[in-house]
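Structure first, then comments.
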Number of protein chains: 2
Amino acid sequence: MRIGELAERAGVSTRTLRYYESRGLLPARRAVNGYRVYGDGDLRLVRQIRTLQDFGFGLEETRPFVECLQAGHPAGDSCPASLDVYRRKLAELDVLIGELGAVRDQVGAQLLRAEAELPGGPEPRCELRG
Amino acid sequence: MRIGELAERAGVSTRTLRYYESRGLLPARRAVNGYRVYGDGDLRLVRQIRTLQDFGFGLEETRPFVECLQAGHPAGDSCPASLDVYRRKLAELDVLIGELGAVRDQVGAQLLRAEAELPGGPEPRCELRG
DNA sequence: CTAGACCTTGACGCCTACGTCAAGGCAAAG
DNA sequence: CTTTGCCTTGACGTAGGCGTCAAGGTCTAG
């Protein structure tokens with residue numbers, strides 16, 4: 001299939017596919033006229049990349065998965081290098097989530113304090129009515 | 001004081017201060033020779049910006065706080081507009097943390113599955129020894 | 001022959017918060 | 001006068017992942 005069909009089937013733009021090729025992921029055979037030609041394996045490959053990107057992986061981080069598939073393994077994460085990426089990402093996520101949680105608490109505290117110091121506006125929920 | 005001193009006292013670069021000015025935050029008086037001249041209030045202003053940036057606020061999001069201080073209020077969050085930013089940020093953080101948590105769980109699940117399917121490598125912790 | 005759909009490469013745009021260099025002005029010390 | 005240090009504006013570079021022309025080649029239907 002050519003680039004347009006692969007793009008449509010994978011749900012991405014042709015620009016995206018050319019970009020992946022420029023990054024060394026997703027190499028393409030060429031027809032006589034210079035057109036890129038892809039096989040079904042390439043569809044799996046692009047889908048693997050998109051799945052990881054949805055998880056917030058950068059393109060470089062998807063490379064081990066891509067190479068794993070290209071090496072003929074059943075899945076992108078059938079190789080130790082891919083598992084390492086999973087582990088690093090997990091660690092990163094844990095740190096990030098922790099930091100964001102801390103920030104959330106600080107912002108929440110600032111909000112409460114500032115609301116208490118601001119006389120105007122809507123009254124606090126616990127205000128006595130009547 | 002001039003830009004170099006303010007930069008040092010605030011712990012930022014002169015480039016950063018000029019950038020803030022170009023964005024319409026942190027306006028500066030000018031000496032006869034064209035040099036920027038700042039007062040102590042500007043130091044508070046810059047510190048307010050940095051605090052918020054440490055919380056992950058974008059520069060635009062710090063504008064209400066800056067304007068609040070410039071209006072003569074005791075703190076950057078002494079104005080309703082600033083509180084609105086706090087609230088929006090809290091909501092954003094909650095959503096983001098939730099999404100990241102979901103991703104974390106999915107990546108963790110993928111890792112466990114892939115580790116189980118990979119025969120080689122270090123044995124699971126529960127393996128019998130000897 | 002021509003229109004139209006598809007393909008090619010090349011290159012600039014975007015967005016954020018500055019870093020970093022370039023060329024040159026101003027002021028005080030020696 | 002010269003050095004030294006601080007200041008000025010201007011403008012390009014960075015990172016990520018493409019979007020969006022631009023100019024032109026290819027193939028097919030009518």
Side-chain angles (χ1 to χ4, degrees), chain A residues 1-39 42 45-66 85 88-89 92-93 96 100 103, chain B residues 1-39 42-43 45-66 85 88-89 92 96 100 103:
Chain A
M1 84 190 97
R2 291 177 305 186
I3 197 170
E5 187 181 345
L6 178 57
E8 192 177 1
R9 291 222 267 166
V12 302
S13 69
T14 60
R15 176 72 179 91
T16 294
L17 297 180
R18 291 195 195 95
Y19 181 66
Y20 290 170
E21 183 179 15
S22 78
R23 296 290 89 191
L25 311 161
L26 192 61
R29 286 181 297 116
R30 295 300 181 118
V32 202
N33 56 13
Y35 287 13
R36 290 172 178 83
V37 177
Y38 302 93
D42 295 315
L45 221 149
V46 176
R47 284 182 174 153
Q48 170 75 80
I49 296 177
R50 298 314 290 199
T51 298
L52 293 175
Q53 284 199 310
D54 289 343
F55 284 165
F57 286 54
L59 265 190
E60 274 313 310
E61 294 176 318
T62 72
R63 193 177 297 276
F65 296 80
V66 167
V85 176
R88 276 194 293 109
K89 207 65 189 181
E92 282 176 24
L93 283 169
L96 183 56
L100 288 178
V103 166
Chain B
M1 82 192 98
R2 290 177 307 186
I3 197 172
E5 188 181 345
L6 178 58
E8 191 176 3
R9 289 221 269 166
V12 303
S13 68
T14 59
R15 177 69 178 94
T16 294
L17 297 180
R18 292 195 194 96
Y19 181 65
Y20 291 170
E21 183 180 15
S22 79
R23 297 290 88 192
L25 311 162
L26 193 59
R29 286 182 298 116
R30 296 300 181 118
V32 201
N33 56 13
Y35 287 12
R36 290 172 179 83
V37 177
Y38 302 93
D42 294 316
L43 178 57
L45 221 149
V46 177
R47 284 183 173 152
Q48 169 76 80
I49 296 177
R50 298 314 290 197
T51 299
L52 293 175
Q53 284 200 310
D54 289 344
F55 284 165
F57 285 54
L59 266 190
E60 274 312 310
E61 293 175 318
T62 72
R63 193 177 296 275
F65 297 80
V66 168
V85 176
R88 275 195 293 109
K89 207 66 189 180
E92 281 177 25
L96 183 56
L100 288 178
V103 166

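- When the side-chain nitrogen and oxygen atoms of B:Arg36 are compared with OP1 and OP2 of D:dC7, none of them lie within a distance under 4.0 Å.
- Listed candidates were C:dC18, D:dC7, C:dC7. Nearest to the side chain of B:Tyr20 is C:dC18.
- Going from atom CZ of A:Arg2 over to atom P of D:dG25 covers 18 Å, rounded to whole Å.
- The minimum heavy-atom distance between B:Pro64 and B:Val85, with the atom names listed, is CG-CG2, 3.7 Å.
- A:Ser13 comes within 4.0 angstrom of the backbone, heavy atoms only, and of no base.
- In this structure, the CG atom of A:Leu17 is 13 Å from the P atom of C:dT9, given to the nearest Å.
- For D:dG16, its base never sits under 3.5 Å from the side chain of A:Tyr19 at any donor and acceptor pair.
- Between A:Ile3 and A:Arg18, the closest heavy-atom pair is CD1-CG, 3.6 Å.
- As rounded to whole Å, 18 Å separates atom P of D:dG5 from atom CD of B:Glu5.
- Salt bridge A:Arg88/A:Glu60: absent, no basic N to carboxylate O contact under 4.0 Å.
- Between B:Asn33 and the phosphate of D:dC7, there is no side-chain N or O to OP1/OP2 separation shorter than 4.0 Å.
- Nucleotide C:dT8 holds its C1' atom 10 Å from the CD1 atom of A:Ile3, rounded to whole Å.
- Under 4.0 angstrom from either OP1 or OP2 of C:dC26 there lies no side-chain N or O belonging to B:Arg30.
- With rounding to whole Å, A:Glu21 atom CD is found 13 Å from C:dC7 atom C1'.
- By the 4.0 Å N-to-carboxylate-O rule, B:Glu5 lies too far from B:Arg2 to be salt-bridged with it.
- Note on A:Arg23: nothing from the nucleic acid sits closer than 4.0 angstrom, heavy atoms only.
- Rounding to whole angstrom units, CZ of residue A:Phe57 and C1' of D:dG17 are separated by 17 Å.
- The residue among B:Thr16 and A:Gly34 whose nearest nucleotide of DNA chain C is located toward the 5' end is A:Gly34.
- Between B:Gln53 and the phosphate of C:dT16, there is no side-chain N or O to OP1/OP2 separation shorter than 4.0 Å.
- Across the protein-nucleic acid pair, B:Leu26 atom CG and C:dC18 atom P stand 12 Å apart, rounded to whole Å.
- A donor N or O paired with an acceptor N or O is found under 3.5 Å between the base of C:dT20 and the side-chain atoms of B:Arg15.
- The distance from atom OH of B:Tyr35 to atom P of C:dG25 is 12 Å, rounded to the nearest whole Å.
- Ion pair A:Glu92/A:Lys89 flagged as a salt bridge, since at least one NZ, NE, NH1 or NH2 atom sits closer than 4.0 Å to an Asp/Glu carboxylate oxygen.
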